[in-house]
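We count residues from 1, following the sequence as given. Quick note: numbers below take in every heavy atom, side chains included, and nothing from hydrogens, waters or symmetry partners.
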Amino acid sequence: MAGGLAAEGIRPGDRVALVFPTGEEFFDACFGALLAGAVPVPLYPPVRLGRLGEYHARTGAMLSAAGAKMLLTDRRVGSLLGESVERAGPDVVFRTLERLPAGEPPPLAGSSDDLGLVQFSSGTTVEPKPVALSHRALLAQLDVLNRHWRHIEGVSGVSWLPLYHDMGLIGCIFPAAEHGAELTLLPPELFVAKPALWLRALSRYRAEVSPAPNFAYALCVERVRDEEMEGVDLSSWRVALNGAESVAPAVLRRFVERFGRWGFRPEALSPVYGLSEAALAVTFSDLERPFETLRVGRERLAQGHAEPDEEGLELVSVGRPLPGFTVEIRDEEGTSLPEGRVGRVWIAGPSLMDGYLGRPEETARVLVDGWLDSGDLGFLSGGELYLTGRAKDVLILRGRNYRPEDVEHAVDGVDGVRTGCTAAVSWLPEGEDGERLVLFVETARELRGDAEGLVAACRERVLEATGLRPAEVVPLEPGTLPRTSSGKIRRAEALRRWSDGTLEAPDRVTPLRLLGAMARSRLALARHRRGGDE
């Protein structure tokens, strides 16, 4: 693979975009690019076929932002990528693995400070940014991760996480390769269709480590049936990391209660915190104890003070900084805050990014004197970090700040609402003097009418759980809410589309539409190869 890339003119330092499903071809492409001295840029394949127009626009923008010289893919996925490549411009070479020529790989050279990977940020609140990670930063992250579970003898893992996502690639693939561990992979679409396969794989291969976002644990509780667990033994699962999105204590408890009868231990469930700009992990919970929570007063939290209150909001600790990392809570002026005060989470550590590739001004705003402004909000208590949300996602109502996650989690159990498919935003209508709470909810496919009943039930649950009353509850068809490549809902984008009347359900995918998309892709590739000339 490295020889073929060299024969195509790829030189050390060139960026090579990788668009693959989970499979052997991804590894050939990724490690082949590294062996050629190139820089892999993992991008997500077109999985939401009803949103292909959005996919092409976003992928074309990411190819341009990364300065990719080549897009490498397989034949099946490549049949849909023509419009993405065309949008990126004539400088991007399109190749499938089958079309790479034979060649000799170049001699290995370079230093640990060279660019090793371009990993796009999640794009939850803004468009994804190209995060530049050096080989030094990647190796520092792998060392921190593997040291954390080095005491586990013969460690092995299972993962269904996408290989284009930092939690799947940097958190699973690279550590397993460096550690020499066995890692069993499932395609993410297979997990979503049948989540019991994840648990069955953990049992079958006696895996000790497996991470996942909070929604995955909720999906298992909701959809895994007892008969699917026949013969399953989860007692070997010692590290069930929960990160990449807001962690809900109710979900953690339900998962422990639901699967304890199959050997799952409470202390295995470990909330964590990290982000692309730090090459992934920043804080981990103690692997030898059950997860910790803290209840704080809602009103004081809305004012920026986390004060214990037995009847208050329950938050989950995401642990302490990993070795070599430091976490500080600072106000908007950059002044360090004491424990119990809510502010922006700043991070220092050995695996911080070099910056956003080709974006010095944006880099300067978040990297200051060796510290990273994460954009997340939280507070420290007893040295442990508690997150209260993203700064740009905070609900501002009557001059106070509230967590959108609390509103969203409140309606997860409402009949007719798709779990994890809601978005809470604060909205200031034109001409009004105060923000209003708007809640978008995707409805279950089996819902056939009674929208008024669903709206009333959502309002009641939110009021009961948070003391807030939504001004608008907007029922939506499944798949309508805009998402990031890793599946996170883009709240601000949902509000923007709703406000301008473009928040619409995805196109219905039919064989005829798919054939049309493939035909347009071929035409776009033909134009691209002619340099844009008709």
Using distance only, find each side-chain donor-acceptor pair of residues 10-20 under 3.5 Å and give its atom names and separation, not counting sequence neighbours.
unit_1, atom_1, unit_2, atom_2, d
R11, NH1, A6, O, 3.1
D14, OD2, R11, N, 2.7
R15, NE, A66, O, 2.9

Practice task
Mark yes or no for whether E208, through its side chain, and S156, through its backbone, hold a donor-acceptor pair below 3.5 Å.
Solution key: yes
Problem - Derivation of the ring pair (Phe, Tyr, Trp, His ring centres under 6.0 Å) call for W237 and W198 - result: CA-CA 12 Å; W237 193 5; W198 178 34; 5.3 Å; yes
Exercise for the section: Fit a plane to each ring of F27 and F31, take the angle between them on a 0 to 90° scale, and name the class: parallel (under 30°), tilted (30 to 60°) or perpendicular (over 60°). Expected result: parallel
Problem - Backbone of L280 reached by a side-chain donor or acceptor of D166 within 3.5 Å - result: no
Exercise for the section: Compute the centroid of each ring, for F94 and then for H528, and state whether the two points are separated by less than 6.0 Å. Expected result: no
Handout entry: Q141 side chain to A281 backbone, donor-acceptor under 3.5 Å
Key = yes
Exercise for the section: Could you tell me whether a side-chain N or O of S236 sits under 3.5 Å from a main-chain N or O of A207, the two making a donor and an acceptor? Expected result: yes
Problem - Heavy-atom side-chain contact between V272 and F284 under 4.5 Å - result: yes
Problem - Ion pair R87/E83, N-O distance below 4.0 Å - result: no
Handout entry: Flag side-chain contact, heavy atom, 4.5 Å: R206 against D233
Key = yes
Practice task
Would you indicate whether the side-chain heavy atoms of P187 and P21 approach each other to under 4.5 Å?
Solution key: no
Problem - SB check R254 E257 (cutoff 4.0 Å) - result: no
Handout entry: Donor-acceptor contact below 3.5 Å, side chain E442 vs main chain G479
Key = yes
Exercise for the section: May I ask you to check whether over 12 heavy atoms, not counting those of L512, lie within 6.0 Å of atom CG? Expected result: no
Problem - Beyond-backbone contact of F120 with S276, side-chain heavy atoms, under 4.5 angstrom - result: no
Exercise for the section: Ignoring hydrogens and angles, tell me if any N or O in the side chain of R491 forms a donor-acceptor pair with the backbone of P404 under 3.5 Å. Expected result: no
Practice task
Please check if the side chain of S203 supplies one atom and the backbone of L199 the other of a donor-acceptor pair under 3.5 Å.
Solution key: no
Problem - Side chain proximity check, L186 to R200, heavy atoms < 4.5 angstrom - result: no
Problem - Ionic contact status for E54 with R497, cut-off 4.0 Å - result: yes
Exercise for the section: Would you indicate whether E24, at its atom CD, is surrounded by more than 12 heavy atoms from other residues, nucleotides or ligands within a distance under 6.0 Å? Expected result: no
Practice task
Please determine if E25 and R76 form a salt bridge, counting it only when a charged side-chain N lies under 4.0 Å from a carboxylate O.
Solution key: no
Handout entry: Heavy-atom check, side chain of L287 versus side chain of R238, under 4.5 Å
Key = no
Completion exercise
Separation between CD (E408) and CD (E405), nearest 0.5 Å, reads 6.0 Å
Exercise for the section: May I ask you to decide if E222's main-chain N or O and R258's side chain share a donor-acceptor pair within less than 3.5 Å? Expected result: no
Problem - Side-chain heavy atoms of F325 within contact of S351, under 4.5 Å - result: yes
Exercise for the section: Determine whether V318 and V282 make a side-chain contact, defined as any pair of heavy atoms from C-beta on separated by less than 4.5 Å. Expected result: no
